[in-house]
Amino acid sequence: MKIPCAPADDRLDATCKALRAQVREFLRNELSIGGFAPQCDSWLRGFDRAFTRKLGARGWLGMTWPRRYGGQERSQRERYVVIEELLAAGAPVAGHWVAERQVGPSILRHGTEEQKQGLVPPIARGESIFGACYSEPDVGSDLASVKARAVRIDGGWKITGTKVWTSQGHNADHLFVLCRTSDGAGVKHRGLSMLIVAMPAKGLAVRPIRLLTGEHHFNEMVFDGVEVPDSMVLGGEGEGWNIVTGDLASERSGPERFMSTLPLLGEMIRKARATPADARAEIVIGELVSRFWTLRSMSIGVAALMEQGHQPGVEAALVKDLGTRFEGDVAQAARLLYPMVPSLDSDERFENFAAQAILHTPAYTLRGGTNEVLRGIIARGLGLR
Amino acid sequence: MDDAQTGMLADSVARALGDVVTARGTVEAEAQGLDAKAWKTLRELGLAGADAAAMSLEEQAAVLEAIGYAAALVPYADSEAMARWLAHGAGLATDPDEVLAIALASPQALSGRRIAWGRHSTRTLFSYEEGGRNWVAVVPSADLLLANGANLAGEPLDKCGGDRAQPTEVREVVDDFSPAAVSQRGALCRGAAMLGAARKAQELTLQYAAERKQFGKPLAQFQVIQSYLAQMAGELSAAAAMFATALRAARGGARASRAEAAAAKVRIGQAAHTITALAHQVHGAIGFTEEYSLQLWTRRLWAWREEFGNETDWARELGAAMIALGPDAYWERVTR
Ligand SMILES: Cc1cc2nc3c(=O)[nH]c(=O)nc-3n(C[C@H](O)[C@H](O)[C@H](O)COP(=O)(O)OP(=O)(O)OC[C@H]3O[C@@H](n4cnc5c(N)ncnc54)[C@H](O)[C@@H]3O)c2cc1C
């Protein structure tokens, strides 16, 4: 296990600084024209097609991808600058998050030339939204037990089964569907394939599953004989597990794993600044900033390890375990620091953000692999399993 | 020195200490408050005296991590990485063979003060501010009328006898050697040693969990124990990452890197709390004994987290600085 820590690179720092200034300027401008309302957990709840397109137009989606597939061939570090600025501002990035973070890279790595040319550039333009259909009613942490089946038909596959918790499934232009295509000769994760479904699809019913807030973000997706041509199988038959696990390090170590409630920390600081000096507020905020700073350093460190060709899956699990607990702790610290009535309809931004942060707490330590499962991965990295 | 060379230095110090420091030896040395053999080894490696003043903070941190890992009872941090560095900055001559002590106080305010490693030092350097200026005063340690005392790790923390002492020399120093800069350096020195001690506590715990069997299997096979061990690894990584960030920032000068240093001492202190608790929990009663060695490292973590500012001190300073910056500028500072 390596210690992931942000490496210093003065040359890159200059490029990143200029880029950061551009993003900040863009966000300031958007805010001044009422382009978006800042919020906590904006990468889950902030769906805004127009905003996503604006990012695409600026070249801030798929920044690291090859130019011929719509990317900018910029570094991971530069992409990091952009996404952390967007998250800190609470900007509505939910529309493209899954597509930009994992679908694009997966297609670039495993796809055919036709798939790359057809599917990747629209993601970079902010015009293609993806839903990830992995989880099922009976299949959560033990993802290799996926039951949805795809059977061979002439020139393609036919999917039958039910997926749940599909974020943005109701807005998606395409779906990434993990299906069982064979019994894998008894090894369950060998019989899985990744099928790409174009929306709208015949035989697919999309039903909202409302969050405890009543918000509509994720969905139940019932596949009843949905047909997929061979050209939309990613990486070939039986490659599903490799594809799902291939990008886990980047999915688990990114800044969204510890910044979901960062807008609330900003509000705490605003509030503390407007009140007379108070030792308790200073200590609480100092502790949170220290933890945030640490996580940021670790997260950038994991990205650097990936760029050097390592596979820091264990290190990424460390970041996510620590980071998602931090997200919940920010909400807890905020409510204990200042008397307030957290409410989604409060006119006070502090109370508003606190309400968002508290109501979304369950998500932080569940989505993308629960913390218990992550601990298991770390334990394996320590040689205990 | 680049990172690789610093790593080699750390390895050679670790090897040298590994040859002379034992858990039993450290426990026995606590009566004197010094492991004379270990100290001699470090001096023979050229880590004390004039050479020490020429070393970078990064190199000194590497040495300190090795000292923490070995649980060597030596005054390297206070005498060499701090007092010698301060003397150098103040233009004061030192004898390469003398041990120096350091105090963040005025020699006119000694009542209730304790001086780390005082009894082994010839002279104590006092770092303080007066009239808006920064001073270093030198006092022969014998004049402090010290009575023996110890921190939780059994390191000398001797009690001053009088109220004031007469300095033999007083120098004004620039901002880089102000009391604030001294305490910041102290926080990083303790942080480095804590990382070494935390790493050792984790290794012992992993090893113990693999060997000790209950209910017919090694502890390491119980999921809850695996979860504890994973949590320890996370805390250790977090502490190390923030420390490395602070050390790198320190290249830009003390004042410009104060927030990073503060964040590091806070985060390492938090990690020390979790790591010591879980290390002992996994060890059961054996870890609570004098005979078993885990206590050498957990006591060090408990002692060092308090010295040169604990989590509360540094969190408060960091928090106040961030609040003063406000919601936009704090973010710019952290992402600088
Ligand atoms: C906000 C949100 C968005 C999501 N978006 C998507 C999406 O877009 N697409 C998608 O496919 N899925 C999505 N998910 C689903 C997510 O991936 C699952 O919730 C997650 O994998 C856990 O599965 P589960 O909810 O079935 O819980 P379970 O796996 O049933 O786990 C329940 C509890 O048991 C624990 N547990 C399970 N196995 C073990 C074990 N071996 N050892 C110890 N403890 C264990 C878990 O840690 C958890 O605490 C989303 C979830 C959330 C909350």
Side-chain angles (χ1 to χ4, degrees), chain A residues 1-8 13 16-17 20 24 81 84-85 88 262 265-270 272-273 277-298 301 314-315 317-319 321-322 371-372 374-385, chain B residues 195 202 206 209-210 218 220-221 223 225-246 248-249 251 259-260 262-267 269-271 311-328 330-336:
Chain A
M1 200 177 299
K2 294 192 157 38
I3 301 294
C5 165
D13 283 352
C16 288
K17 257 193 195 120
R20 196 182 291 284
R24 282 183 184 159
V81 166
E84 80 172 342
E85 288 296 331
L262 208 79
L265 178 58
E267 287 311 302
M268 285 170 81
I269 289 174
R270 190 188 307 281
R273 196 156 190 247
D278 159 10
R280 183 150 157 265
E282 290 167 359
I283 293 164
V284 168
I285 288 169
E287 283 174 349
L288 293 175
V289 170
S290 164
R291 287 172 68 186
F292 171 73
W293 212 323
T294 303
L295 286 159
R296 179 174 186 270
S297 178
M298 295 176 83
V314 178
E315 291 82 354
L318 288 177
V319 174
D321 180 33
L322 291 165
N371 288 40
E372 291 72 24
L374 296 172
R375 293 266 174 101
I377 290 165
I378 300 161
R380 189 170 304 123
L382 291 168
L384 304 173
R385 285 190 184 178
Chain B
L195 286 182
Q202 190 212 22
L206 282 169
Q221 283 179 23
Q223 194 181 37
I225 300 290
Q226 294 183 348
S227 180
Y228 289 168
L229 295 170
Q231 204 181 338
M232 288 174 76
E235 290 297 308
L236 183 58
S237 291
M242 192 62 232
F243 182 76
T245 300
R248 216 162 258 154
R251 289 179 193 163
E260 282 90 346
K265 189 77 195 313
V266 172
R267 194 63 189 85
Q270 290 171 340
E311 298 94 295
T312 295
D313 299 324
W314 284 111
R316 180 163 184 198
E317 186 173 328
L318 177 61
M322 296 300 118
I323 292 166
L325 288 171
D328 295 327
Y330 108 87
W331 174 247
E332 285 172 23
R333 173 65 186 90
V334 172
T335 55
R336 183 166 78 192

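No hydrogens, no waters, no symmetry mates; every other heavy atom, side chains included, goes into these values.
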Part of Ile225(B) within contact of chain A (heavy atom distance under 4.5 Å): neither
Top contributor to chain A contacts, counting heavy-atom pairs under 4.5 Å, from Ala262(B), Ala244(B), Ser227(B): Ser227(B)
Step-by-step side chain to side chain contact (heavy atoms under 4.5 Å, CB included) determination, Gln270(B) to Thr294(A): CA-CA 12 Å; Gln270(B) 290 171 340; Thr294(A) 303; over 6 Å; no
Any side-chain donor near an acceptor of the partner, Thr335(B) and Arg24(A), under 3.5 Å: yes
pair Ser237(B)-Glu315(A): side-chain heavy atoms closer than 4.5 Å: no
Interatomic spacing from CG in Asp313(B) to CD1 in Ile283(A) - rounded to 0.5 Å: 8.5 Å
For Ala379(A) against Ala230(B), the heavy-atom pair lying closest together: N-CB, 4.4 Å
Chain A interface, residue from Ala233(B), Ala315(B), Gly326(B), Ala263(B) that has the most non-hydrogen pairs under 4.5 Å: Ala315(B)
Choice from Glu311(B), Glu235(B), Gln226(B) maximising heavy atom contacts with chain A below 4.5 Å: Gln226(B)
Pairs flagged by side chain to side chain donor-acceptor pair (under 3.5 Å) wherever residues 282-292 of chain A is involved - sequence neighbours left out: Glu282(A)-Arg316(B), Arg291(A)-Asp329(A)
Options Leu318(A), Ile285(A), Leu384(A), ranked by heavy-atom pairs under 4.5 Å with chain B, top entry: Leu384(A)
side-chain contact (heavy atoms from CB on, under 4.5 Å) against Glu267(A), all qualifying residues, sequence neighbours excluded: Arg270(A), Arg349(A), Phe350(A), Phe353(A)
Closest-packed option against chain A by number of heavy-atom pairs under 4.5 Å, given Asp328(B), Leu325(B), Ile323(B), Leu236(B): Ile323(B)
Interchain contact, Glu317(B) with chain A, by part (heavy-atom threshold 4.5 Å): neither
From CE (Met322(B)) to CZ (Phe292(A)), nearest 0.5 Å: 11.5 Å
Largest heavy-atom contact set with chain A, pairs under 4.5 Å, which of Glu260(B), Gln221(B), Lys265(B), Arg336(B): Glu260(B)
Trp331(B) and Ile269(A), any side-chain heavy atoms less than 4.5 Å apart: no
Side chains of Val334(B) and Glu84(A) in contact at under 4.5 Å (non-hydrogen atoms): no
Interchain contact, Arg296(A) with chain B, by part (heavy-atom threshold 4.5 Å): side chain
Shortest non-hydrogen contact between Ser297(A) and Thr245(B), atoms and distance: OG-OG1, 2.7 Å
Side chain to side chain contact (heavy atoms under 4.5 Å, CB included) assessment of Arg375(A) paired with Gln231(B): CA-CA 7 Å; Arg375(A) 293 266 174 101; Gln231(B) 204 181 338; 3.8 Å; yes
Portion of Leu206(B) that has a non-hydrogen atom of chain A nearer than 4.5 angstrom: side chain
Structural part of Ala259(B) lying under 4.5 Å from a heavy atom of chain A: both
Winner by heavy-atom pair count (cut-off under 4.5 Å) against chain A, out of Gly234(B), Ala246(B), Ala239(B): Gly234(B)
